Amino acid sequence: MEARILEFAALLRKHGMRISPAESLDSLLALESTGLGTRETVKDVLRATMVKRTSDLPTFEEVFDLYFSNLGEAIRESGEQAAQALGTTLAEYQKLLEQLEELLKKRQEQPGTNELSELARALLRHDDGTLERRMREASETMRQGSGQSGKQEGQLGHAIGEQLRLGEIVRELEGFSDELEQLGADAETAAKIRELIKRRLADLADLIKRAARLEAARENPQPKDTTGLKSLGEKSFYYLTEDEIRKMKEAVTRLAQRLRHVVSIKRSRAKRGTFDLSRTLRHNTQFGGIPFDVQFDRRKKNRPQIVVLCDVSDSVRNVSRFMLQFVYSLQDLYSKVRSFIFVSDMGEVTKLFEDHDTNEAIELALRGDVINVFAHSDFGRAFKMFHRDHLPSINRRTTVIVLGDARNNYNLPHEWVLRDVQRKAKQVIWLNPENKTTWGFGDSEMDRYMAFCDVVEECRNLNQLYRVVDRLVLS
Amino acid sequence: MFSSIDDVVQQFAGQKYICNRAIATVVYLASKMGKPILVEGPAGVGKTELAKVLSRCLDQELIRLQCYEGLDEAKALYEWEYGKQLLYTQILKDKIGEVLAGTGTLREAVDRISAQDGVFFSERFILPRPLLRAITSERPVVLLVDEIDKSDSEFEAFLLEILSDFQVSVPELGTIAARNIPLVILTSNNSREVSDALKRRCLHLFIDYPSQAHELEIVKLKVPGVADALAADVVSVVQSVRKLDLKKSPSISETLDWARALALLNVASLGEETVNDTLTTIFKYEGDVRKAQTELRDFMARQKSRTRTEGQPDPADKDALH
């Protein structure tokens, strides 16, 4: 029992859940106090003690169903289904089995025939216990036999079948069903028994498939990579697969959270301001004017305002995606966030983030509802639009972040816009997802824009992005 | 205490709280193992209610600690009652004079006073806040730490210490150990992820929106005045609305509010007008109301066509056939 639970915990870990020894110990203690009871009880108990994140619930359900796939139950079920499929009542089915037993006995009395193999007999007689034992043994021996890791479900099923000598059993039973008449069964019974044999062979194949699926899950888990944060952090934004984008999103969420903790600690340290005389006097009148409880000024939180301008043309789309996610995950650290996206037009997407949750809003923004995202990049034109419509919203508390590779397709750069913005804003930060050495070459206008930025950073991977955001919230 | 999981289900039902086996199992385990429960789930599915019902079932006092940003030890654990201390020293001035009578030097006087300072830093002058109250209570209690995700992470770390040892150290008094281990329920709306360390010490329970049958049962139990057909309609509307992408999906408490409102208005079945008038009881955002309205119109249409096929065929349908 303990061994099975621990193995189950290990399997969950392989699937990317974090389960500490304390938790598996808890689950054992818990099972002790509830008793095993039904399968559902066990599931409830394990869920309560092992799953600590809501996001892990689906994984748990899946692995539980696989691991406690309950071959025994499946075997019993298949037996019942066989009875039903033969279109008889349970009593009649019982009788059929008795007839079958007699035939088997007769067959054995005949000289020159071997007894059917154990598994074949168990299959026909609905000897569920033996069946389950043999299935488990087969999986076990296969597991010990080396060189099966990385095998697919089908191959594993094949291996289990081999272990069980499936071929022999099929031959045996087919032979048996041919002999029925010779053994003295009447036509009707023979037909029924033949049907039964066919049915049971199909059941066996099903069971093997099930066992193989379990083995496959055991051997080739598809872990939600929670440890890959490090390698992901250094990965360039340019080359990301769909899967990596998904992982990266989770990583950004986690990083944002970490950052928030840091900020909250720093802020609370800085919470104490100078001694506040009038509040101290007022508060301490209840103690007869003796200043027991000294009051301090609450230091005013100077939350920065942020305006993000994101280039969402194909080349920098991923960076923009994660930058937006970062900024909006940390929204409560700023007093105001406005976000714009541009390719050749400039469009505001702040409202999208108000109406939808962050990830959804990003998808909507990148889909092209707001601006044409398939146009050719034209920074100058987009900047001019920003200058015309939104310049008044920038004040000296605003930090302007521009995200883009400054590849302008040889259009007019209009860098004077940036100059105007810089004059009004607290600071202008430009993040460029291109390698620093390529700035200014070809159609890159980076060197022109750089002159009007307070900070210019290369931002090619998650770690660099994190550093930038980190500086942003702590400044 | 509970004797089995089924016992939990029954006792809870006795308190008009319908719970599934998963919830009952966790409650049973918590009472057996003395572990805190961390309840997560959307707002209004009965997380706080769980603690209340539990306290009623066990006939134990419920001590509630509502978390918020900036909650600190003084608000959660204990505070010295400066006012009372001051008052006592004022009243006891003469007595203090007596104690100090006959002392020659200042040192002697300070020594004598410090021999007495235990009087002023005793449990008499401590103002217990929920956590200390839960620990020092004579009878076992149920402690509800509501919305733990709203508190700061420092407070969470502090709570961790209490939940693992059930003891508190007050510098002036020493360590106060729990007389009874309270049954602790923490709730979280997941506005931020609770730390792993805290999660590890708890049994985890996720309460989701209930199934249709389950919710219908709850409505019937909690709103006795509502007609069966109306209750079924209300529940199926809410269930279908939940599938929409809303800012705030209506939860059980909203369903109950709605059913109560309709029962008060003496509505027998849902009509378009009554729905539109009472929609604000289940939706809290203007945008959600607009989104839901189209869905509801479809629902009404389906409802109508169903009654039509059950009853007389509608002449309009006939015309459509020609």
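Keep in mind that what you see is a predicted model, and the values were worked out from it rather than measured. Within every chain, numbering begins at 1; the chains are lettered A, B, ... in the order of the sequence lines, protein sequences first and strands thereafter.
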Could you measure the distance from the [atom1] atom of [X] to the [atom2] atom of [Y]? Nearest 0.5 Å is fine.
{"X": "B:N20", "Y": "A:D44", "atom1": "CG", "atom2": "CG", "value": "7.5 Å"}
{"X": "A:R47", "Y": "B:F206", "atom1": "CZ", "atom2": "CZ", "value": "10.5 Å"}
{"X": "A:N284", "Y": "B:Y82", "atom1": "CG", "atom2": "OH", "value": "10.0 Å"}
{"X": "B:K32", "Y": "A:E32", "atom1": "NZ", "atom2": "CD", "value": "11.5 Å"}
{"X": "A:R53", "Y": "B:D196", "atom1": "CZ", "atom2": "CG", "value": "4.5 Å"}
{"X": "A:T41", "Y": "B:Y28", "atom1": "OG1", "atom2": "OH", "value": "11.0 Å"}

With a sphere of 6.0 Å drawn around [atom1] of [X], does it hold more than 12 non-hydrogen atoms of other residues, nucleotides or ligands?
{"X": "B:K95", "atom1": "NZ", "value": "no"}
{"X": "B:E81", "atom1": "CD", "value": "yes"}
{"X": "B:K84", "atom1": "NZ", "value": "yes"}

Quick one: closest heavy-atom pair of [X] and [Y], and the distance?
{"X": "A:D26", "Y": "B:K35", "value": "OD2-NZ, 2.6 Å"}
{"X": "A:S33", "Y": "B:L29", "value": "OG-CD2, 3.5 Å"}
{"X": "B:K199", "Y": "A:K52", "value": "NZ-O, 2.8 Å"}

Next item on the list: Among the options B:L86, B:L203, B:V26, pick out the one with the most heavy-atom pairs lying under 4.5 Å from chain A.
Entry: B:L86
Notebook entry, point to check: In terms of heavy-atom proximity below 4.5 Å to chain B, should A:L57 be classed as side chain, backbone, both, or neither?
Noted result: side chain
Next item on the list: Please flag which part of A:E40 lies under 4.5 Å from any non-hydrogen atom of chain B: side chain, backbone, both or neither.
Entry: neither
Checklist line | Side chain B:H204, main chain A:V51, donor-acceptor under 3.5 Å | finding: yes
Margin query: Taking the side chain as everything from C-beta on, heavy atoms only, tell me whether A:E23 gets closer than 4.5 Å to B:R200.
Written below: yes
Note to self: Please identify, among A:T49, A:T34, A:L29, the residue contributing the most non-hydrogen atom pairs under 4.5 Å to chain B.
What the structure shows: A:T34
